[in-house]
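Read the structure below first, then the notes.
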Amino acid sequence: MRQALVVRGGWEGHQPVEATELFIPFLKDNDFSVRVSDDPSVYAEASYMASVDLIVQSVTMSTISPEALKGLIAAVSGGAGFAGWHGGICDSYRASSDYLQLVGGQFATHASRLAPDDRTGDMSDNYVNHRIEIVADHPITSGISDFELHTEQYWVLTDDYNDVLATTTTATRPWGEWSRPITAPAVWTRQWGQGKVFVCTPGHRVEVLEDENVRTIVERGLLWAAR
């Protein structure tokens, strides 16, 4: 059996436990033995990490030790897949430039649907109707057409080493500082050494991950990234 490591934690608003539990049965059904860790310090276990075929991470707004980060990068460079969704992978360790280079993108914002004076402070302030546009023919997105979501729309900062599979365009706001719509990657892959990276920015909470299109993309992405 291949070995999958699920690392989860950080900000509870992204439901790291519930979200990862959604995909653990899928991994087991696809012949993975699954280990779950609530702390990224597991990445520093060099002998164990050398045996891992897939790392699924859901850790938001957290920190990582230099030893753990070194272990994560070594594992991916050596052939382990690294996969995740939303802030659990692209807003994990803001203070680490090496991590950002590995993942290929960092959350910048999710533009609110309301003017500043009308916001309640609830997460739903940032739930907007938006389209995910499929832009590449790839095993992860094969047969999936553009689709609509009502949830946070991630504006991410990325580079052109990514292979972008889907995008989303953030509209201007009357109160916003940007003067034209901004298109950002919504799903991408990245080769890092011998390993593969998969990122899906939709996935704020379980109900988004349960969307048929999002769940299919994530499940395919996990299998694609795995060694």
For [X] and [Y], work out which heavy atoms get closest and say how close.
X	Y	result
L149	P202	CD1-CB, 3.7 Å
L222	A83	CD2-CB, 3.6 Å
G203	V208	N-CG1, 3.6 Å
M49	Y43	CG-O, 3.4 Å
P185	T158	CG-OG1, 3.6 Å

Could you go step by step and tell me if I132 and N213 meet the side chain to side chain contact (heavy atoms under 4.5 Å, CB included) rule?
CA-CA 10 Å; I132 304 298; N213 292 301; over 6 Å; no
Regarding [X] and [Y], do their side chains bring together a donor and an acceptor under 3.5 Å, going by distance alone?
X	Y	answer
S37	D39	no
Q153	T168	yes
R131	T169	no
D91	Q106	yes

Please list all pairs meeting ring pair (Phe, Tyr, Trp, His ring centres under 6.0 Å) that have one or both residues in residues 146-165, counting only residues at least two apart or in different chains.
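For residues 146-165, and leaving out neighbouring residues, the ring pair (Phe, Tyr, Trp, His ring centres under 6.0 Å) pairs sorted by first residue read H86-Y154, F107-Y154, W155-W178.
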For the residue pair H204 and W11, categorise the inter-ring angle as parallel (less than 30°), tilted (30 to 60°) or perpendicular (more than 60°).
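Aromatic pair H204/W11 classed tilted.
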Is NZ or CZ of R35 both nearer than 6.0 Å to the six-membered ring centre of Y48 and within 45° of the ring axis?
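Checked: cation-pi criterion met.
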Applying a strict under-4.5 Å side-chain criterion to I, L, V, M, F, W and Y, I'd like to know whether [X] and [Y] cluster together.
X	Y	value
W188	V218	no
V214	I24	yes
F23	I89	no

Residues V128, R173; criterion side chain to side chain contact (heavy atoms under 4.5 Å, CB included); working and verdict
CA-CA 12 Å; V128 298; R173 271 54 167 179; 3.7 Å; yes
One pair to check against side chain to side chain donor-acceptor pair (under 3.5 Å): S33 and R2. What are the steps and the verdict?
CA-CA 6 Å; S33 175; R2 287 186 290 179; over 6 Å; no
Mind checking the CG-OG spacing from L22 to S58? Nearest 0.5 Å is all I need.
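Here the rounded value is 11.0 Å.
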Before you tell me yes or no, could you show the steps for D122 and T120 under side chain to side chain donor-acceptor pair (under 3.5 Å), namely the whole-Å CA-CA distance, both residues' side-chain angles and the distance that decides it to 0.1 Å?
CA-CA 5 Å; D122 184 79; T120 65; 5.1 Å; no
